[in-house]
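To start, the structure itself, in structure tokens.
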Amino acid sequence: MKRCYSTFKKPLNSNQLQLFSLESCKSMNQIKQTHAHLITTGLILHPITANKLLKVLIASSFGSLSYAHQLFDQIPKPDVFIYNTMIKAHAVIPTSSHNSMRIFLSMVRVSGFLPNRYTFVFVFKACGNGLGVLEGEQIRVHAIKIGLESNLFVTNAMIRMYANWGLVDEARRVFDWSLDQDLYSWNIMIGGYVGSGEIGRAKEMFDEMSERDVVSWTTIIAGYVQVGCFKEALDLFHEMLQTGPPPNEFTLASALAACANLVALDQGRWIHVYIDKSEIKMNERLLASLLDMYAKCGEIDFAAKVFHDEYGLKLKVWPWNAMIGGYAMHGKSKEAIDLFEQMKVEKVSPNKVTFVALLNACSHGKLVEEGRGYFKSMASSYGIEPEIEHYGCMVDLLGRSGLLKEAEETVFNMPMAPDATIWGALLGACRIHKDIERGQRIGKIIKELDSDHIGCHVLLANLYSASGQWDEAKAVRQKIEVSGRKKTPGCSSIELNGVFHQFLVGDRSHPQTKQLYLFLDEMTTKLKNAGYVPEFGEVLLDIDDEEDKETALSKHSEKLAIAFGLINTPPGTAIRIVKNLRVCADCHEATKFISKVYKREIIVRDRIRYHHFKDGFCSCKDYW
DNA sequence: TTAGGGTTAG
């Protein structure tokens with residue numbers, strides 16, 4: 001406001017006045033009015049004015065790229081600036097990047113301009129953002145001819161382009177050949193390795209850096225989060241706090257993701273306080289990470305409080321998605337649906353992630369009709385075409401609620417090829433409802449596809465053993481072993497005073513092992529006295545002896561972790577466990593009894609959702 | 001002298 005006032009006090013010439021009114025445009029209508037005015041006064045012929053109008057159209061939230069493009073087509077003699085502005089605008093939109101190329105070629109061939117270093121930065125961006133290697137190489141030849149290939153900005157854009165294509169070795173070659181590299185070059189390379197899943201090489205480069213800024217740190221921390229090394233990510237975050245630059249909102253979002261996945265509530269809370277105390281600007285993404293952390297640490301009600309307190313960010317879709325996803329995880333389907341309806345009232349447009357969360361909520365609450373309705377509304381009411389993830393949700397929803405035929409039909413009628421997750425959802429449903437015939441049929445398809453998804457084969461083996469067909473189960477297991485692929489071992493962890501303790505099935509590596517197993521024996525007896533009966537259907541090995549079956553069950557990783565929690569925490573405190581796979585029926589039953597017998601709240605997060613055990617009941621109401 | 005490169009959900 002102050003600046004506007006002082007600008008008005010100074011006398012302006014008509015040109016300045018036009019530029020000023022352009023920048024203060026608040027709607028498409030105002031832009032159109034100004035545009036008309038620029039035409040009548042002839043000012044539109046001035047390249048700077050035309051470019052300014054283009055920029056407003058491209059950069060403002062209400063502007064439109066197609067209008068900008070129309071304007072661009074009407075400019076009789078666009079200068080290099082205007083060309084570059086248009087190339088850049090199209091470059092950042094993957095579906096539009098071919099337009100960048102078209103404009104570039106027209107600039108060179110029709111107008112006969114020599115591209116400058118800015119031009120190449122934008123065109124390379126477009127190439128890495130939706131165009132192919134052929135186009136990129138073609139542009140590279142142009143750059144070499146003009147002698148701009150060695151310009152640092154251009155080189156960095158090229159490194160980024162190759163990294164985007166997944167050609168990280170070629171990116172590295174450009175990096176190594178480059179005469180000088182700066183912090184950006186290094187950060188782009190590290191980001192490239194991270195994007196290709198090569199966290200080891202990313203870390204090597206990170207360690208070699210003579211100087212690291214906040215982006216270097218954030219990239220490597222986010223990289224560890226991406227590959228599931230949450231502990232390493234958090235360790236690096238602590239190292240950064242001690243020796244590195246102050247974290248920014250990007251860093252904290254990644255650190256929160258690590259806390260969320262480790263169920264490290266104390267550290268997550270610490271970051272929340274850090275955000276409030278420091279100058280970190282809360283944005284919709286950081287808020288979403290914060291809500292996700294609270295939800296994943298079991299504090300869904302507190303997440304809701306934070307969400308409602310941050311009213312200013314309620315116009316963005318990210319926090320809504322985090323909350324709806326959080327409710328879904330906790331099986332609070334009604335709350336998730338209410339929030340989605342509230343979102344409509346607030347006129348926040350949902351995106352595809354919103355529907356994944358919403359359909360998951362329906363799935364966990366067995367809300368078949370609602371799920372069907374929302375799935376249909378995606379395309380008809382919101383213009384969002386369902387993607388494979390949404391079909392996955394539907395297969396899961398239908399299958400788990402027992403509508404196996406409809407679930408199978410959904411898979412066969414999908415507009416895209418089903419992936420391993422889809423087959424897994426269907427097979428999982430067959431297992432829950434003990435539909436051997438269908439399961440075998442699905443299993444055969446999976447075998448034919450020779451899916452790399454090891455989980456599918458394991459599910460098939462489990463389906464056989466759950467129905468007592470030990471020979472078939474053995475055969476599938478042997479095939480898995482022969483193929484040399486490894487089943488992900490069940491692993492549960494618990495945080496105690498900031499230290500994580502991990503347990504595998506039958507783990508004997510923990511220092512407290514002896515005490516732990518003694519406690520487990522005692523615990524099993526107590527549970528049985530309270531009415532607990534082991535569920536042998538979950539014993540996946542061909543064991544004849546009842547007693548041995550029971551021993552196999554009692555060593556499941558979540559039981560070990562819970563026992564460890566019971567031993568090491570004061571009576572009455574909640575125990576938080578995180579498991580990498582789904583919780584098994586027997587552990588689920590046992591944990592209900594533990595919560596009652598030991599008077600503890602036990603919050604277990606499995607691969608898909610939360611189980612909140614209290615007084616002998618679970619929040620999932622035995623439907624998961 | 002109106003422009004440039006790197007990092008954040010399911």
Side-chain angles (χ1 to χ4, degrees), chain A residues 19 22-23 46-56 58-59 79-89 91 116-125 128 148 151-161 163-164 181-192 194-195 202 212-223 225-226 247-258 260-261 283-293 295-296 316-326 328-329 351-361 387 389-390 392-393 421 608:
Chain A
L19 293 181
L22 250 177
E23 279 174 342
H46 197 294
I48 294 183
T49 316
N51 198 62
K52 199 116 204 185
L53 181 57
L54 277 180
K55 275 190 73 182
V56 173
I58 291 160
D79 66 359
V80 176
F81 246 99
I82 290 178
Y83 273 114
N84 288 350
T85 303
M86 285 309 293
I87 293 171
K88 180 190 177 191
N116 62 20
R117 57 187 193 273
Y118 296 98
T119 320
F120 284 111
V121 167
F122 302 146
V123 188
F124 281 135
K125 186 168 202 147
L148 282 173
N151 173 276
L152 187 55
F153 286 99
V154 176
T155 307
N156 286 345
M158 265 172 49
I159 297 173
R160 176 103 200 113
M161 173 180 75
N164 273 353
Q181 300 101 352
D182 65 358
L183 202 48
Y184 283 81
S185 327
W186 284 81
N187 289 343
I188 296 165
M189 263 326 294
I190 293 175
V194 164
R212 306 178 186 112
D213 70 354
V214 62
V215 177
S216 327
W217 283 93
T218 306
T219 308
I220 197 75
I221 291 170
V225 170
Q226 264 177 42
N248 64 14
E249 63 270 33
F250 291 88
T251 329
L252 295 173
S254 290
L256 282 169
N261 285 289
N283 63 26
E284 72 270 17
R285 307 238 183 153
L286 184 56
L287 177 59
S289 306
L290 195 57
L291 300 173
D292 186 57
M293 182 278 294
K296 287 200 171 127
K316 307 280 186 175
V317 68
W318 282 67
W320 293 85
N321 288 354
M323 273 316 292
I324 295 173
M329 277 186 262
N351 61 15
K352 62 174 200 167
V353 178
T354 318
F355 282 99
V356 172
L358 187 61
L359 293 173
N360 268 330
E387 291 178 25
E389 299 96 317
H390 303 104
C393 293
T421 319
I608 307 283

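Atoms considered below: every heavy atom in the structure, side chains included; atoms not considered: hydrogens, waters and symmetry mates. Below, read A as the first sequence line, B as the second, and so on, with proteins coming before strands; counting in each chain starts at 1.
Judged as a salt bridge (charged side-chain N to carboxylate O under 4.0 Å, His left out), and not counting sequence neighbours, A:Lys55 has no contacts. Take A:Asp79 and apply the side chain to side chain donor-acceptor pair (under 3.5 Å) test, not counting sequence neighbours, and it matches no residue. For A:Thr218, the side chain to side chain donor-acceptor pair (under 3.5 Å) test picks out A:Thr251, with sequence neighbours left out. For the side chain to side chain donor-acceptor pair (under 3.5 Å) test, no residue two or more places apart in sequence or in another chain qualifies with A:Gln181. The ring-ring contact (aromatic ring centres under 6.0 Å, His included) search around A:Phe355 returns A:Phe340, A:Tyr382, not counting sequence neighbours. Residues passing the side-chain contact (heavy atoms from CB on, under 4.5 Å) test with A:Ala157, sequence neighbours excluded: A:Val121, A:Phe124.
A:Met329 places a side-chain heavy atom less than 4.5 Å from the side chain of A:Asp292.
Note on A:Arg285: a base of the nucleic acid sits closer than 4.0 angstrom, heavy atoms only. Nucleic acid contact class of A:Leu256 (heavy atoms, under 4.0 Å, all strands): none. Using a 4.0 Å heavy-atom cutoff across all strands shown, A:Asn360 reaches no nucleic acid atom at all. When heavy atoms are screened at a 4.0 angstrom cut-off, A:Lys88 is found touching the sugar-phosphate backbone but no base atom. If you check every strand for non-hydrogen atoms under 4.0 Å, A:Asn164 touches nothing. Using a 4.0 Å heavy-atom criterion, one finds that A:Asn351 contacts the bases of the nucleic acid, with or without backbone contacts as well. Among the protein residues, A:Glu387 comes within range of no part of the nucleic acid, since none of its heavy atoms lies under 4.0 Å from any strand. A:Thr219 comes within 4.0 angstrom of sugar-phosphate atoms only, judged by non-hydrogen atoms across all strands, and of no base. Counting any heavy atom pair closer than 4.0 Å across all strands shown, A:Asp292 reaches no nucleic acid atom.
Mapping heavy-atom proximity under 4.0 Å, the span of DNA chain B touched by chain A runs 5' to 3' from B:dT2 to B:dG10.
Taken to the nearest 0.5 Å, the CD1 atom of A:Ile48 stands 14.0 Å off from the CG atom of A:Leu53.
A heavy atom closer than 4.0 Å to some atom of DNA chain B occurs in A:Trp318, A:Asn321, these being the qualifying members of residues 317-326 of chain A.
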Only distances under 3.5 Å count here; give the side-chain donor-acceptor pairs of residues 316-325 of chain A to other protein atoms, sequence neighbours excluded, each with its distance to 0.1 Å.
{"from": "A:Trp320", "atom 1": "NE1", "to": "A:Lys314", "atom 2": "O", "distance (Å)": "2.7"}
{"from": "A:Asn321", "atom 1": "OD1", "to": "A:Thr354", "atom 2": "OG1", "distance (Å)": "2.6"}
{"from": "A:Asn321", "atom 1": "ND2", "to": "A:Asn351", "atom 2": "OD1", "distance (Å)": "3.0"}

